[in-house]
Protein chains: 2
Amino acid sequence: MIINNKTDPELRYQKMLAKLRERGCRITSHRIGLLHLIAESEGHPSAAQLYERLRLQFPTVSLATVYKTIALLKQDNEILEIDLHGQSRYDGNKPFQHPHLICTRCGQIIDGDALPSMLTINQQIEDVYGFKVQQQQQVFYGLCPKCQQVTDV
Amino acid sequence: MIINNKTDPELRYQKMLAKLRERGCRITSHRIGLLHLIAESEGHPSAAQLYERLRLQFPTVSLATVYKTIALLKQDNEILEIDLHGQSRYDGNKPFQHPHLICTRCGQIIDGDALPSMLTINQQIEDVYGFKVQQQQQVFYGLCPKCQQVTDV
DNA sequence: CTACTTGCAAAGCCTTTGCAAACTA
DNA sequence: TAGTTTGCAAAGGCTTTGCAAGTAG
C-alpha cells in the first residue's frame with residue numbers, strides 16, 4: 001500500500017506565483033493567501049471550501065475572486081480541476097493529470113498516481129483506437145480501506 | 001483498430017421496459033418513445049438532444065419528463081451517465097461503465113470498451129490502495145484518427 | 001376510480017460576467 | 001497615474017422540484 005507523498009507546498013507556491021508574475025498579473029494579498037491555500041490543498045477542496053478558508057484570513061474576500069484566480073492557474077496548468085458531477089474540486093499540489101479514488105462512504109478523495117496502468121493507458125488507447133490522448137479524467141468511486149472494515153461487519 | 005459494435009437496440013428497449021414495469025411504473029406513449037431513443041442512443045446524446053428528438057414525435061413533451069424518465073433508468077442501472085463538465089451525456093445502449101474518448105476537435109465520443117487495461121484496472125487499484133471500486137468514470141480527451149490527419153498538415 | 005405521470009414554471013446549484021470602486025506597480 | 005483587480009449582484013446553463021391537470025391500469 002502506498003503512502004501519499006505530497007509536493008512541497010512552498011515550492012508549489014513559488015512556482016504559481018512566478019507564473020502569475022510572468023503573465024503580468026498584480027500580486028494582491030488575497031491572491032497570495034489563496035495561492036498558499038491552493039499549494040497546500042489537502043483533500044481536493046472545492047472553490048467554496050477554498051473561499052471559506054480564505055475568508056478566515058481575509059473576511060472581505062469574495063467567491064468571485066477565488067474563481068477568477070483559479071481560472072488563471074488553470075490556464076497556466078498550475079492547478080488540476082477534478083470534475084465531480086457538476087462540482088469542481090481542485091488540486092494545486094499535484095497539478096498533473098492523475099486518477100482519483102473517491103470513497104462513497106466517507107467522501108475522502110485519494111490520489112491514484114501510483115497505478116502502473118497509468119503509465120501505459122494512453123499508449124494503449126493509441127494502439128487500439130488510433131486516438132491521441134491530450135487530457136484525461138479518471139475517477140473511481142468505491143470504498144476506502146477503512147470504510148470497507150466498517151461495512152464488512 | 002476496433003469497430004464499434006452496438007447492442008441490439010430492440011433488446012435494450014425490451015429490457016428497459018421490463019424494468020419499468022417491474023417497479024410498477026405506468027407505460028406512457030412518451031416513455032415508450034423515449035425508451036426507443038435511449039436504446040438506440042447513437043453518439044451519447046444529452047438530455048436536451050433526447051428531448052429535441054422526442055419532440056419530433058410528441059410535440060407537447062417536456063424536458064422535465066425526459067429528466068424524470070432518465071432518473072428512473074439510472075436507478076435501475078439501465079442507462080449510463082457520462083459527466084462532462086456540468087453536462088451529462090447518456091448511453092442507454094451500453095449501460096455498463098466503460099471509458100470514453102472525446103475528440104476535442106470534432107466533438108465525437110468514442111466508446112473505449114475494448115481496452116485491455118479496462119479488465120485489470122479495478123484489481124490494480126485494490127492491490128495498490130486497498131480500495132474497492134464500485135463505479136468509475138474514465139474520460140480521455142484528445143484527437144480522433146481523422147482529426148489527427150487534419151491537424152498534421 | 002386511484003395513483004402515477006405530465007407540463008409548466010420556478011427554484012437550485014455552481015460558475016461566470018458586468019461594472020464601478022479600490023488598489024498595485 | 002494607468003490599468004488591473006476587487007466585491008457585489010445579476011445572469012447563465014443544466015437539472016430538479018412543486019403543483020394542478022391529465023391519464024394508465
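Note that the coordinates shown come from a computational prediction; the quantities given were computed from them, not determined experimentally. So that the names make sense, note that chain A is the first sequence line, chain B the second, and so on, each numbered from 1.
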Checklist entry - Are R12(B) and E78(B) side-chain neighbours, meaning at least one heavy-atom pair lies under 4.5 Å? => result yes

Next on the checklist: Whole angstroms only, please: what is the CG-C1' distance between L63(A) and dT5(D)?
Outcome noted: 16 Å

Checklist entry - Can you tell me how far P of dG7(D) sits from OH of Y67(A), to the nearest Å? => result 15 Å

Atom pairs, N/O to N/O, protein against nucleotides 23-25 of chain C, distance under 3.5 Å?
| unit_1 | atom_1 | unit_2 | atom_2 | d |
| --- | --- | --- | --- | --- |
| dT24(C) | O2 | R26(A) | NH1 | 2.5 |
| dA25(C) | OP1 | I27(A) | N | 3.0 |

Item to check | Set of side-chain hydrogen bond (donor to acceptor under 3.5 Å, both in side chains) partners for H98(B), sequence neighbours left out | outcome: H100(B), D111(B)

Checklist outcome for this item: Q49(B) atom CD is separated from dG13(D) atom P, nearest whole Å, by 16 Å

Checklist entry - Base, sugar-phosphate alone, or nothing: which one does S88(A) contact when heavy atoms must sit under 4.0 Å apart? => result sugar-phosphate

Checklist outcome for this item: A64(B) has its side chain closest, among dT15(C), dC8(C), dT6(D), to dC8(C)

Next on the checklist: At 4.0 Å (heavy atoms only), tell me whether T60(A) reaches a base, stays on the sugar-phosphate, or touches nothing.
Outcome noted: sugar-phosphate

Checklist entry - Starting at CD of Q87(B) and ending at C1' of dC13(C), how long is that distance when rounded to a whole Å? => result 16 Å

Checklist outcome for this item: Comparing G86(A) with L72(B), nearest DNA chain C nucleotide closer to 5' gives the residue L72(B)

Item to check | Test applied, salt bridge (Lys or Arg N to Asp or Glu O under 4.0 Å); reference residue, D76(A); option that passes from R21(A), R23(A), K19(A), K15(A) | outcome: R23(A)

Checklist entry - Whole Å only: how far is the CD1 atom of I70(B) from the P atom of dT5(C)? => result 16 Å

Item to check | Distance, rounded to the nearest Å, where R23(A) contributes CZ and dG3(D) contributes C1' | outcome: 16 Å

Checklist entry - According to a strict under-4.0 Å criterion, is H85(B) in side-chain N/O contact with OP1 or OP2 of dC14(C)? => result no

Checklist outcome for this item: Residue pair V66(A)/A47(B) against DNA chain D: nearer the 5' end by closest nucleotide is V66(A)

Checklist entry - L73(A), L63(A): one ILVMFWY side-chain cluster at the under-4.5 Å cut-off? => result yes

Item to check | Side chains of I102(A) and L84(A) in contact at under 4.5 Å (non-hydrogen atoms) | outcome: yes

Item to check | Rounded interatomic separation in angstrom, taking NZ from K68(B) and C1' from dG22(D) | outcome: 13 Å

Checklist entry - Taking OP1 and OP2 of dT5(D), is either one under 4.0 Å from a side-chain nitrogen or oxygen of T65(A)? => result no

Next on the checklist: Measuring to OP1 and OP2 of dT4(D), would you say a side-chain N or O of R31(A) lies under 4.0 angstrom away?
Outcome noted: no

Next on the checklist: Output the rounded distance in Å from OH (Y51(A)) to P (dG7(D)).
Outcome noted: 9 Å

Checklist entry - How about K146(B) and C106(B): do any of their side-chain heavy atoms sit closer than 4.5 Å? => result no

Next on the checklist: Under the ring pair (Phe, Tyr, Trp, His ring centres under 6.0 Å) definition, can you give me all pairs with a residue in residues 10-29 of chain B, not counting sequence neighbours?
Outcome noted: Y13(B)-H36(B)

